[in-house]
Amino acid sequence: MKFLRDALDKVKPHFEKGGKWEKFYYLYEAHETFFFAPDHTTRSTGAQIKDAIDMKRLMMTVIIALIPCLLFGIYNVGYQHFIALGQPDASLGDMVMIGAIQVLPVVVVSYAVGLGVEFVFSVIRQHPVNEGFLVTGMLIPLVLPPDIPLWQVALATVFAVIIAKEAFGGTGMNVLNVALTARAFLYFAYPSQISGDVWTYIGENSQAVDGFTGATPLAIGAQVVENGEGFVQTLNQYGQGWADGIFSFSNMFFGFMPGCIGETSTLMCLIGAVILAITGVGSWKVMVSVFGGAYAMGWLLNLLAVNEYMAMPPHYHLVIGGLAFGAVYMATDPVTAAHTETGKWIYGLLIGMLTVVIRVFNPAYPEGIMLAILLMNVFAPLIDHYVVIANKKRRLQRATV
Amino acid sequence: MSKFIKLKKGFDINLAGKAEKKIAEVAQPETFAYKPTSFQGILRPKLKVNEGDVVKAGTPILFDKKNDKVLHVAPVSGEVVEVRRGAKRKILEIVILADKEIQYESFKKYSASELSSISKEDAVEQLLTGGVWPNIIQRPYGIIADPEETPKAIFISAFDSHPLAPDFDVLFKGQETYFQAGVDVLKKLTTGQVHVNVNADAEVSPVFSQVKNAEINKFSGPHPAGNVGVQIHHLDPISKGDIAWTVTPYGVIQIGKLFLEGKHDASRLVAVAGSEVAKPQYYKTYTGANIKKFVEGNLKNDHVRYVSGNALTGTRIELDGHLGFFDNLLTVLPEGDQYEMLGWILPTTKKLSFHRAFGLLSFLNPKKEYVLDTNTKGEPRAFVQTGVFEKVLPMDILPTYLLKAILAEDFDEMEALGIYEVIEEDLALCEFVDVSKHDVQEIIREGINLMQYS
């Protein structure tokens with residue numbers, strides 16, 4: 001690969017100070033450091049050796065952890081498509097093909113637009129391109145419906161990167177989770193394209209089978225409060241005739257149900273969780289406490305149940321909606337989560353509890369994890385503040401003067 | 001009362017090229033240097049000698065106008081051949097061309113039994129004039145202790161857990177009497193205890209295990225268990241207003257020799273170690289030795305970096321450079337100034353990382369030795385990864401918040417978050433493991449300087 005190094009070395013002087021493309025130095029640097037780990041050496045005092053990890057490796061590990069969700073998402077989009085059309089026997093290849101045609105453009109648009117914005121900012125503000133977008137660019141498509149118009153993906157990505165991140169100074173300085181900001185933007189700006197029957201891609205001019213409604217389990221949850229029917233019973237009966245047992249507990253755990261591209265499968269999220277936890281990239285404390293908080297709150301509501309939604313067994317909360325995806329990939333974002341180890345427990349626990357509260361008591365918005373995480377993003381510094389105060393108090397207690 | 005403290009947090013960096021427990025015969029270096037830069041907080045150094053002057057081991061050559069009682073003396077006898085200066089004429093090194101046979105200034109001699117009866121004032125006087133006082137370092141701030149102060153306790157770490165650290169058993173073999181004398185003298189300077197902290201995970205040299213008049217505490221765990229700052233934190237932490245002193249075992253022995261033999265003896269063993277050294281072993285020499293004789297013809301390749309001290313806290317020196325005042329170790333590392341194709345992502349078993357996102361299975365082979373070069377392995381970024389610093393700092397301190405308080409120059413926060421308890425070496429591992437590649441040790445010193453001088 002010497003020719004690549006030679007080519008980079010040849011153009012490098014143009015980008016360096018005094019060169020004709022000096023302004024675009026960080027653009028060049030982003031590409032150079034992608035292909036070649038830089039030749040920088042440590043300072044003459046202090047640590048003369050450094051740990052092998054860098055930000056790129058860290059972010060890439062998250063992407064690796066997202067791959068199971070992406071692959072399953074591609075398959076599931078196709079699978080749901082054929083179920084809705086009454087052709088559950090379609091070949092795996094066809095399903096993956098349909099899924100890929102729907103999903104990959106969303107991924108490409110998200111990366112292209114987001115990296116474009118990053119590049120523009122790196123030139124304007126003369127800072128290195130943030131590696132954080134490597135992850136954000138993958139997270140955004142996975143929390144959107146398969147039917148989402150691509151221009152909306154682009155708009156949401158631009159909004160999220162500029163408002164949620166660059167306005168604060170880039171990766172590491174942002175207050176809100178960037179990918180969730182993109183989704184929240186779409187939810188409030190274009191609600192009709194992100195709620196309703198958008199969770200299953202049916203295709204233009206195609207006819208869905210009789211009885212197909214395109215609801216998700218959480219939408220059903222909102223309905224049973226009004227209807228007074230048993231939640232679990234409704235879920236089990238759902239899809240009769242065109243997809244028996246689509247909302248059985250095991251089906252929801254494995255993810256063969258309508259929903260956002262990447263978040264339907266709790267199993268895939270758990271695989272991702274294992275990757276993040278054993279590599280130490282995502283905090284297992286946050287993940288465990290989100291699940292624990294949701295379960296505890298679900299259990300508490302179950303005890304107090306005054307309607308059928310509240311009476312749902314708590315473990316159902318863990319497999320419906322985006323709870324698992326949110327817990328594993330969104331809540332663990334190290335920048336927007338609590339930074340202290342004690343704070344992480346509190347932060348995750350509150351996200352889990354709030355998610356269930358929003359789901360059960362807010363009929364206007366059936367999914368709760370997005371709002372819960374964004375809300376706790378804002379409160380994370382406060383949680384940390386009190387953990388830090390506790391540390392200072394311990395220190396003061398032993399002071400003698 | 002002696003304590004046993006088990007530390008779980010930390011990380012041992014197992015570098016290749018540990019010095020063999022053998023003292024090599026080598027011609028003595030021709031020059032030795034006294035480096036004021038080895039000490040923090042020397043504000044206005046004044047030379048007492050000029051180029052061409054002849055000195056003996058123990059002749060005062062430098063003092064700090066801000067702390068003029070503390071004399072810095074020549075480690076060897078000979079001729080002052082050069083005063084190397086840096087920017088703004090800062091004194092970097094006072095280079096002495098050594099005599100073949102070292103001549104010593106003579107100081108008052110005491111017998112071991114007399115030591116118990118000398119007064120504190122006499123002891124301090126002898127320590128100052130004999131030039132061994134700079135061995136005594138004050139916490140907070142890690143500066144040379146003020147002879148006017150009385151510390152609440154004195155701490156001696158009797159092991160070194162840094163990468164490639166020399167074995168104290170080899171360094172101080174047979175120095176029991178001097179170490180004991182040093183402890184006896186130090187005991188006079190404090191109202192509290194003299195703590196000698198030994199390694200619970202290895203055999204302890206009788207130099208330390210049999211010492212009297214001091215409290216022997218055991219520490220177990222990975223690096224930084226051997227750091228005296230970590231030990232103080234667990235034994236008797238430093239709060240606002242507290243003053244504690246620390247001395248290295250070498251310093252204690254030098255103090256003992258001054259009192260028992262009446263001379264400033266700067267002879268020491270130095271380990272030359274690192275993956276690039278053909279024969280890593282120990283050499284008998286004096287403080288501030290020129291390193292050339294130790295490495296010439298003893299290297300596997302010549303594109304290397306010479307580090308006075310260890311790979312975590314040391315200072316880069318040239319081939320013609322001299323070791324620092326406190327350093328018993330010369331580390332030779334491969335220079336890492338090369339590009340590496342896709343170096344950030346390719347799987348490899350050769351790189352060492354505390355993070356499991358790199359070398360996930362390295363825990364299967366905990367004894368494996370690594371060859372690490374001086375490449376930064378990435379570029380500086382904002383703080384992103386959290387909770388890692390806490391895993392390598394076995395103190396009840398929140399390093400990220402402390403660092404941010406320093407960067408924000410928030411004095412109250414720095415104080416409340418524990419700036420008094422740390423110096424650079426305590427957070428050196430944080431600098432090593434930092435994904436965002438911050439210069440953590442430099443930030444800590446900035447914070448200490450802010451606390452001290454503002």
Side-chain angles (χ1 to χ4, degrees), chain A residues 1 4-5 8 29 32-61 128 130-132 169-173 278-281 283 285 334-335 337-341 344 384 387-388 391-392 394-396 398-401, chain B residues 13 237 239-242 305 307 311-316 331 333 335-345 351-360 372 374-379 381-387 390 396 398 400-401 416-418 424 428 431-433 435-437 439 441-442:
Chain A
M1 299 310 278
L4 187 60
R5 185 66 251 166
L8 285 166
E29 191 228 19
E32 186 195 12
T33 55
F34 180 85
F35 289 112
F36 291 94
D39 60 348
H40 303 169
T41 52
T42 49
R43 298 177 311 131
S44 58
T45 53
Q48 309 284 324
I49 48 176
K50 292 268 188 175
D51 194 293
I53 201 166
D54 69 347
M55 202 57 75
K56 288 187 178 67
R57 177 76 174 214
L58 189 80
M59 296 295 176
M60 191 48 77
T61 311
N130 290 314
E131 283 89 0
T171 302
M173 324 274 191
I278 62 168
T279 55
V281 171
S283 166
K285 291 175 187 165
V335 176
H339 291 182
T340 53
E341 295 306 290
K344 281 174 184 164
D384 284 335
V387 175
V388 173
N391 178 279
K392 290 186 205 165
R394 275 199 300 277
R395 196 172 303 288
L396 275 178
R398 51 159 219 245
T400 47
V401 285
Chain B
I13 299 172
S239 304
K240 188 182 181 181
D242 287 346
R305 178 182 293 196
V307 179
L312 278 181
T313 64
T315 305
R316 174 188 193 158
T331 310
L333 298 166
E335 195 64 90
D337 56 348
Q338 66 277 340
Y339 292 99
E340 191 186 358
M341 178 87 185
L342 297 175
W344 57 281
I345 188 67
K351 292 183 182 173
L352 174 69
S353 177
F354 173 73
H355 304 261
R356 291 187 305 274
F358 222 121
L360 185 61
L372 298 194
T374 61
N375 193 287
T376 53
K377 311 280 191 298
E379 306 125 294
R381 289 289 182 266
F383 285 106
V384 168
Q385 183 68 312
T386 61
E390 286 78 359
D396 184 19
L398 299 166
T400 319
Y401 285 86
L417 288 167
E424 293 96 320
E431 181 166 299
F432 175 78
V433 301
V435 178
S436 305
K437 313 290 175 188
D439 294 329
Q441 296 184 74
E442 193 179 63

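Proteins get letters first, then strands, A, B, ... in listed order; numbering begins at 1 in each.
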Based on non-hydrogen pairs under 4.5 Å, which of [options] is most in contact with chain B?
options                               : value
A:Gly132, A:Gly280, A:Ala47, A:Gly170 : A:Ala47
A:Asp54, A:Asp39, A:Ile53, A:Leu58    : A:Asp39
A:Val281, A:Thr279, A:Val387          : A:Thr279
A:Asn130, A:Val388, A:Thr171          : A:Val388
A:Glu341, A:Met55, A:Met60            : A:Met55

Examine whether an atom of [X] lies under 4.5 Å from a heavy atom of chain B, and if so say whether it belongs to the side chain, the backbone or both; otherwise answer neither.
X        : answer
A:Leu4   : side chain
A:Lys285 : neither
A:Thr42  : both
A:Thr33  : both

Determine the option with the most heavy-atom pairs under 4.5 angstrom with chain A, choosing from [options].
options                                : value
B:Thr331, B:Leu417, B:Val307, B:Ile13  : B:Leu417
B:Asp337, B:Asn375, B:Leu333           : B:Asn375
B:Thr400, B:Leu342, B:Asp396           : B:Asp396
B:Phe432, B:Phe383, B:Phe354           : B:Phe432
B:Glu335, B:Gln441, B:Lys351, B:Glu379 : B:Glu379
B:Ser436, B:Ala428, B:Gly378, B:Ala416 : B:Ala416

Using the ring-ring contact (aromatic ring centres under 6.0 Å, His included) criterion, which residues pair with B:Tyr339? Sequence neighbours excluded.
none
Between A:Thr45 and B:Glu424, is a side chain to side chain contact (heavy atoms under 4.5 Å, CB included) present by the stated rule, with each step listed?
CA-CA 11 Å; A:Thr45 53; B:Glu424 293 96 320; over 6 Å; no
Minimum heavy-atom distance between [X] and [Y], given as atom pair plus value:
X        : Y        : result
A:Gly172 : B:Val384 : CA-CG2, 4.0 Å
A:Arg43  : B:Arg305 : O-NH1, 3.2 Å
B:Ala382 : A:Met173 : CB-CE, 3.9 Å

With A:Lys50 via side-chain hydrogen bond (donor to acceptor under 3.5 Å, both in side chains) - residues at least two apart
none
[atom1]-[atom2] distance between [X] and [Y], expressed to the nearest 0.5 angstrom:
X        : Y        : atom1 : atom2 : value
B:Leu372 : A:Gln48  : CG    : CD    : 12.0 Å
A:Arg57  : B:His355 : CZ    : NE2   : 11.5 Å
B:Leu352 : A:Asp51  : CG    : CG    : 6.5 Å
B:Trp344 : A:Phe36  : CH2   : CZ    : 13.0 Å
A:Met59  : B:Gln385 : CE    : CD    : 8.5 Å

Derivation of the side chain to side chain contact (heavy atoms under 4.5 Å, CB included) call for B:Thr386 and A:Lys344:
CA-CA 10 Å; B:Thr386 61; A:Lys344 281 174 184 164; 2.9 Å; yes
Does the side chain to side chain contact (heavy atoms under 4.5 Å, CB included) test come out yes or no for B:Glu390 and A:His339, once each step is laid out?
CA-CA 11 Å; B:Glu390 286 78 359; A:His339 291 182; over 6 Å; no
B:Lys437 vs A:His40, side chain to side chain contact (heavy atoms under 4.5 Å, CB included): CA-CA, chis, key distance, verdict:
CA-CA 11 Å; B:Lys437 313 290 175 188; A:His40 303 169; over 6 Å; no
What part of [X] is in contact with chain A, defined as an atom under 4.5 angstrom from a non-hydrogen atom: side chain, backbone, both or neither?
X        : value
B:Gln338 : backbone
B:Thr374 : both
B:Val433 : both

Taking atom types as modelled, is there a side-chain donor on B:Tyr401 or A:Asn391 under 3.5 Å from an acceptor on the other?
no
